[in-house]
Amino acid sequence: MPSRLRGEYKPLPRDFYDRDPRRVSRELLGKILVRRAAHSLLAGRIVETEAYLGLNDPAAHAAAGRTPRNLVLWGPPGRAYVYFIYGNHYCLNVSCLPEGDAGCVLIRALEPLAGLEAMARNRGIDPSALATTAQLRTLTSGPGRLCEAFSITRSRDNDSDVTDRDSPLFIAGAPPLSRSRIAATRRIGITKAADQKLRYIVRDNPFVSGPRL
DNA sequence: TTATAGATTGCCT
DNA sequence: GGCAATCTATAAT
């Protein structure tokens with residue numbers, strides 16, 4: 001990545017993630033997911049997240065205890081936890097809380113900022129067909145979609161450090177959003193502990209996936 | 001050893 | 001609104 005661009009994106013420090021996943025989920029809204037590749041740079045603003053609280057959250061992967069799949073969750077904060085779901089899709093999480101605690105944040109939607117044509121190619125979409133908001137939405141609006149757009153896979157990205165600016169995948173800081181621009185809703189697609197409001201969205205942002213309330 | 005549900009998406013009607 | 005795609009962990013046989 002050119003040094004000019006490198007300077008624009010500063011990773012959040014590890015202690016940002018060494019906190020309650022609810023707090024991290026809320027504060028990750030507005031921050032920037034950056035994918036650095038040999039000749040391209042992909043970036044998107046995080047507009048939707050979900051908190052998973054760890055061992056005591058029935059909806060969390062960690063509720064089953066330590067398994068080969070979820071091992072990263074139990075490690076240090078600020079690592080990418082990537083898993084495969086429904087036989088088709090990857091989802092990206094970031095581990096929270098100190099080593100031994102398994103909380104995490106699921107990244108559910110991005111507003112594309114840079115490298116839109118590369119995202120379209122990764123998604124199998126014609127890059128010339130990105131005129132309308134509805135078309136742009138299909139790039140990164142949804143956890144499986146954003147992983148495909150950013151070429152995120154378990155073999156490539158699981159356990160990578162998102163606080164390292166030299167990592168191929170990291171999360172950069174940005175000014176915090178005011179509380180009034182954020183809404184908390186029920187999490188999507190789960191059956192256990194579905195009543196808790198642990199999904200956080202940027203109000204009125206068209207790149208949020210699913211229902212707005 | 002087999003069955004099933006799941007933090008999803010795209011295409012069909 | 002229904003359904004196929006088809007990996008992973010766990011429950012049931």
Side-chain angles (χ1 to χ4, degrees), chain A residues 17 20-22 24-26 28-29 33 44 46-74 79-97 101-112 119-127 129-130 132-159 162 169 171 183-201 206-213:
Chain A
Y17 303 98
D20 188 297
R22 286 166 287 209
V24 179
S25 293
R26 184 179 282 274
L28 271 179
L29 295 179
L33 182 69
I46 298 169
V47 298
E48 177 179 353
T49 59
E50 282 178 1
Y52 287 86
L53 307 183
L55 196 55
N56 298 320
D57 179 356
H61 286 181
R66 236 177 250 251
T67 68
R69 178 169 70 150
N70 70 26
L71 206 56
V72 172
L73 293 176
W74 309 86
R79 298 287 184 84
Y81 168 52
V82 181
Y83 67 90
F84 198 70
I85 191 73
Y86 296 127
N88 287 337
H89 304 287
Y90 292 98
C91 293
L92 171 66
N93 303 249
V94 183
S95 64
C96 298
L97 299 171
D101 286 327
C104 69
V105 175
L106 171 67
I107 312 292
R108 287 193 52 90
L110 304 173
E111 176 178 345
M119 292 183 202
R121 284 194 298 272
N122 290 339
R123 294 266 299 119
I125 295 169
D126 182 353
L130 293 177
T132 68
T133 303
Q135 288 169 328
L136 290 172
R137 247 184 126 260
T138 64
L139 290 178
T140 54
S141 182
R145 286 171 170 174
L146 73 88
C147 282
E148 191 170 49
F150 276 60
S151 297
I152 294 168
T153 65
R154 182 170 170 89
S155 62
R156 183 176 301 157
D157 297 299
N158 193 48
D159 203 29
V162 302
L169 189 71
I171 298 176
T185 77
R186 296 149 84 98
R187 292 180 290 188
I188 306 284
I190 58 168
T191 53
K192 299 165 191 164
D195 51 325
Q196 297 183 66
K197 295 192 171 174
L198 296 177
R199 170 174 173 252
Y200 300 88
I201 63 177
F207 295 94
V208 170
S209 76
R212 304 304 155 99
L213 286 176

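Naming convention: chains lettered A, B, ... in sequence-line order (proteins, then strands); numbering from 1 in each chain.
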Residues in ring pair (Phe, Tyr, Trp, His ring centres under 6.0 Å) contact with A:F84, at least two apart in sequence or another chain = A:Y90
query = ring pair (Phe, Tyr, Trp, His ring centres under 6.0 Å) with A:Y52: which residues, sequence neighbours excluded?
reply = none
key: Distance in angstrom units between A:I107 CD1 and B:dA7 C1', rounded   = 13 Å
query = With sequence neighbours left out, what residues match A:T132 under side-chain contact (heavy atoms from CB on, under 4.5 Å)?
reply = A:A134, A:Q135
What does the list of N/O pairs under 3.5 Å between the protein and nucleotides 10-13 of chain B look like, with a distance for each?
residue	atom	partner	partner atom	Å
B:dG10	OP1	A:R123	NH1	3.1
B:dG10	OP1	A:R123	NH2	2.5
B:dG10	OP2	A:R145	NE	2.7
B:dG10	OP2	A:R145	NH2	2.3

message = What is the separation between atom OH on A:Y200 and atom P on B:dA7, rounded to the nearest whole Å?
response = 18 Å
request  = Would you mind reading off the distance between A:K192 atom NZ and B:dG6 atom P, rounded to a whole angstrom?
outcome  = 7 Å
query = Can you list the residues that meet the side-chain contact (heavy atoms from CB on, under 4.5 Å) rule with A:N56, with sequence neighbours excluded?
reply = none
query = Taking the C1' atom of each, how far is B:dG10 from C:dT8, in whole Å?
reply = 22 Å
request  = Using a cut-off of strictly less than 4.0 Å, decide whether A:R199 has a side-chain nitrogen or oxygen near OP1 or OP2 of B:dA7.
outcome  = no
query = Mind checking what makes salt bridge (charged side-chain N to carboxylate O under 4.0 Å, His left out) contact with A:R121, not counting sequence neighbours?
reply = none
key: Distance, rounded to the nearest Å, where A:R186 contributes CZ and B:dA7 contributes P   = 15 Å
request  = Report the residues that fulfil side-chain contact (heavy atoms from CB on, under 4.5 Å) with A:S25, sequence neighbours left out, ordered by chain and then residue number.
outcome  = A:T49, A:A51, A:V105, A:Y200
inquiry  = Whole angstroms only, please: what is the CD-P distance between A:E48 and B:dA7?
reply    = 15 Å
query = Going by atom types only, do A:R79 and A:S95 share a side-chain donor-acceptor pair under 3.5 Å?
reply = no
request  = Grab the OH-C1' distance between A:Y90 and B:dG6 for me, whole Å please.
outcome  = 16 Å
query = For the pair made of CD in A:E50 and C1' in B:dT8, what is the distance, rounded to whole Å?
reply = 12 Å
request  = Go ahead and write out DNA chain B as dot-bracket, 5' to 3': ( ) for pairs within the strand, [ ] for ones crossing earlier pairs, | when the partner sits on another strand, dots for unpaired; Watson-Crick or G-U wobble, both distances under 3.5 Å.
outcome  = ||||||.|||||.
key: Pair listing, ring pair (Phe, Tyr, Trp, His ring centres under 6.0 Å) test, anchored in residues 132-157 of chain A, at least two apart   = none
Strictly under 3.5 Å: I want the nitrogen or oxygen pairs between protein and nucleotides 6-13 of chain C, one per line.
residue	atom	partner	partner atom	Å
C:dA9	OP1	A:R69	N	2.9

key: Partner set under side-chain contact (heavy atoms from CB on, under 4.5 Å) for A:A63, not counting sequence neighbours   = none
inquiry  = Reading DNA chain B from 5' onward, which residue's closest nucleotide shows up sooner: A:G142 or A:T191?
reply    = A:T191
request  = For A:T67, enumerate each residue passing the side-chain hydrogen bond (donor to acceptor under 3.5 Å, both in side chains) test, keeping only those at least two apart in sequence or located in another chain.
outcome  = A:N70
message = Ignoring hydrogens, what is the shortest heavy-atom contact between A:A120 and A:P127? Give both atom names and the distance.
response = CB-CA, 4.0 Å
